[in-house]
Amino acid sequence: MAASVRRNPNKIKQGSVAVDIVLYALALFICLITLYPFYLVVIMSISSPTEVAAMNVFWYPKGFFLDSYKLIVSDTKMWWAYSNTLIYVAAGTLLNCLTAVLGAYPLTVRTLKGRKWLVAFLLIPMYFGGGLIPSYLLVNKLGLYNTMFAVIIPGMVSIWNIILVRTFFTTIPDGLKESAFIDGASHLQLLFRVILPISKPILAVIAIYSVVGIWNSWFDALVYLPNEKLHPLQMYLYRVVVQQSVDLKMLSLEDTKNAVANMLSNIQLKYAIIVFTTLPVIFTYPFFQKYFIKGALLGSLKE
Amino acid sequence: MKKWKKPFVSAMMAMVLIASVTACNSGGSNGGGADSKKEEADGNPETGQKTGKLRLLGPAGSNKYIKFEDREKYPVWKEVDKMLTDAGLQLDYELVPAEQYKVTIQTRMASGSSLPDIVNISALDNTTVLNLAKQGVLLDLNPLIEKYSNGNIKKMYNEEMPFAKKSTTSPDGNMYWFSNLHKKTYQGNIPAPVSLTMLLRKDWLDKLNLPVPKTAEEYSQTLKAFREKDANGNGKQDEVLVYDPSAFNGAIAQWFGLGTDITAVDVENKKVVSPWYQDGIKDYFRYLQQLVKEGVLDTSLIGATGEQKQQKMTENQVASLTDYNLETYQEPTINGGGEFLPLMPLQAVDNITPAAQLEPPFLVWQKYAITKDCKDVEAAIKFFDTIYSEKYADLLYWGIEGQTYKKDANGAKVYINNVSEEELAKMGQATGRQLFGDTVFPRVQFANLEFELIDKPQHKIDNELNILNYKPYFVNMNDMYLAIPDDQQLEKKTKILTNLTTYSQELATKLALGQKSLDNWDQYISELKKLGLDDLIEINQQLLDRYNSIQ
């Protein structure tokens with residue numbers, strides 16, 4: 001033993017098999033506890049409803065039951081919700097990128113007067129909001145209530161995104177900008193022909209933040225969209241989950257019968273809908289993962 | 001040029017998307033929803049009546065199969081539609097998904113702008129509703145009824161359902177909303193309450209050859225025997241009683257003569273009581289402690305969700321629970337099947353007659369109001385005149401004779417189609433209640449016990465007929481017998497209840513679990529008094545007195 005240590009004193013520090021095994025086991029363990037909830041939802045969604053209601057499903061599906069998926073796929077409301085979500089995500093993401101770029105560029109121009117004050121001013125709404133009723137009144141008075149714009153327009157400017165882009169823009173060497181001006185470029189030309197082409201990473205970050213954020217959002221729809229034809233997918237899911245948690249004590253005998261029947265059929269349906277609504281985002285995650293890390297790095301610097 | 005292409009293209013795409021959103025939107029926002037009914041004519045040519053246009057806002061029904069948007073295929077809707085057209089009404093419905101309705105109505109009423117003519121405000125709490133009435137957002141209905149009604153509303157409220165006025169008259173003497181009205185009778189005119197009682201597994205009693213328990217003591221012995229003799233046959237002692245000791249609305253409390261809530265209404269004696277002051281309270285907790293000690297009462301289910309309790313039920317472990325005596329929805333969810341037997345109130349203490357817990361035979365619930373933005377109040381009253389008619393009540397609760405109901409030998413109405421709602425939807429044979437009840441259409445129900453008994457097993461029928469005239473009793477819905485509180489009473493009640501409810505629940509749970517000793521009783525009572533128990537009893541007594549005084 002002593003001889004081998006002497007021969008290679010750094011062995012344990014650099015790539016010992018034992019450490020590797022421990023590390024891999026640890027990584028595997030973390031991986032498993034992260035993935036298990038996803039796996040559980042998937043097997044619940046294809047197990048038989050009675051087994052799910054009895055909470056008997058843990059490791060593998062019990063009974064094979066695809067009727068929930070059949071029910072979802074044949075529900076026109078679900079497809080409405082799906083297409084609405086696609087519209088909200090596409091429009092919201094494009095507008096978010098556009099406003100972030102247009103909002104960030106002026107804040108990087110050194111000759112802009114009161115630039116520091118402007119940045120400070122922008123920071124205020126990051127910490128304070130107007131509250132639900134004032135926001136509702138605003139949306140209502142603007143005539144956006146019960147229209148698709150009610151969820152797109154209020155969410156199209158994100159101060160956080162503007163700050164992110166601004167931080168990125170300040171890392172671009174001044175020499176590049178100055179040489180563009182010397183060549184006779186205007187601010188707009190500088191922004192779109194010089195700066196934007198080298199800013200793709202930050203645009204990707206904003207895009208993926210927006211996509212995920214809008215895909216998962218439902219509260220705006222709950223407040224502003226009473227018309228179910230305009231509901232996004234998450235609102236559809238929300239309704240199924242809420243519908244199931246009725247307080248049975250508040251109902252009379254006749255109403256209780258229906259509520260119980262509803263609750264039972266929804267217990268399993270819930271899982272199928274979760275799978276259905278989450279899959280698209282889960283599949284896009286791996287492709288954008290590297291940008292997430294970049295985004296977190298950029299976000300750590302706000303000046 | 002090439003470098004400009006990409007931003008240009010993305011800008012164009014954004015434009016196209018926004019344009020497409022606009023296009024979708026112009027189709028969707030019209031009238032606020034999918035359920036707008038438009039008529040070209042401005043009047044009814046047959047009667048020469050002027051058409052009254054009304055906008056109505058309410059929650060959509062949550063029935064998965066029988067949907068309001070498919071209403072045209074149901075004969076019952078055609079009848080109701082004809083009634084409305086004959087009354088010269090043209091209605092524009094805005095139905096919001098039920099799960100979303102509370103948020104929608106809260107924000108809409110709080111902002112007070114662009115209100116509908118008639119609105120379902122059941123989702124708002126009493127304080128909010130009374131404030132809205134005070135601000136003039138909701139109209140006082142009495143003068144409108146005097147001026148415009150054809151007499152239907154008064155007939156229903158004063159003669160058919162005289163209890164309705166008591167529950168809907170505000171302290172200022174005004175009436176701000178119409179309600180669902182429900183009356184259940186037996187053999188024509190006997191009021192027919194149903195009971196909430198302890199259910200016990202009948203098939204397990206039969207299997208183990210055990211007699212039906214006649215006293216509380218025998219009941220606990222039976223539950224013990226279920227465990228010891230492994231009634232569900234899975235080899236484990238896991239047969240449990242599902243019971244929540246934090247409130248007093250599990251039927252065991254009534255065996256000890258206790259009320260059903262922190263304050264409860266003794267309807268017969270016109271008195272408000274609190275279980276904390278009643279004689280049987282200490283014995284009740286001793287009894288629960290014994291059940292807990294023997295492992296019969298499943299303490300893991302205290303405060304559990306419906307889903308968790310359902311899990312026990314499905315796993316065939318529930319030996320006993322509180323539910324309606326006439327329920328038939330639990331049995332099909334038990335893996336392997338089973339049968340519940342409703343128990344009559346069991347004698348627990350020598351000098352206390354056990355009470356029953358009843359669901360009152362007369363119910364008033366939900367609120368439908370006319371708002372200040374209503375331009376044609378005459379039409380709004382006409383709408384409610386149509387609703388509070390016997391014909392509408394029949395269509396709503398029973399549907400159409402020969403299609404959804406028939407009359408039995410004694411002339412009592414019974415439903416014909418005993419099939420699932422999915423089948424009913426396919427057949428187009430729904431009743432009005434299933435199709436449009438609780439949306440913007442109030443439910444007016446003349447129910448009877450006869451149809452409830454028709455497909456029930458004999459032991460459930462016997463229990464119900466025995467309970468019909470059973471006394472003493474408490475009710476599961478105490479608020480049904482309390483008049484609407486005024487501002488001060490409401491404020492005081494809300495303030496007291498916040499802390500008192502929490503303390504009472506914690507105390508009751510800990511006493512039942514034996515975590516607190518019954519020796520310190522005086523200390524608990526003085527704490528309850530400090531939190532306002534006496535004041536609460538006093539306020540509720542005033543409300544009960546006012547309820548009884550309203551004619």
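Because the structure is predicted, anything quoted here is derived from the model rather than measured. Below, chain A is the first sequence line, B the second, and so on; all start at residue 1.
For Lys102(B), the NZ atom sits in a loose shell: 12 or fewer heavy atoms of surrounding residues, nucleotides or ligands are nearer than 6.0 Å.
The closest donor-acceptor contact from the side chain of Gln100(B) to the backbone of Leu222(A) lies under 3.5 Å.
Annotation: side chain of Pro97(B) is not in contact with side chain of Met235(A) (no heavy-atom distance under 4.5 Å).
Here the CG-OG distance, from Leu132(A) to Ser111(B), works out to 10.5 Å after rounding to the nearest 0.5 Å. Within the model, atoms CD of Glu228(A) and CD of Glu99(B) stand 8.5 Å from one another, a figure rounded to the nearest 0.5 Å.
For Lys70(A), the salt bridge (Lys or Arg N to Asp or Glu O under 4.0 Å) partners at least two apart in sequence or on another chain are Asp67(A).
Per-residue heavy-atom pair counts under 4.5 Å with chain A were compared for Asp323(B), Thr104(B), Thr107(B), and the maximum is reached by Thr107(B).
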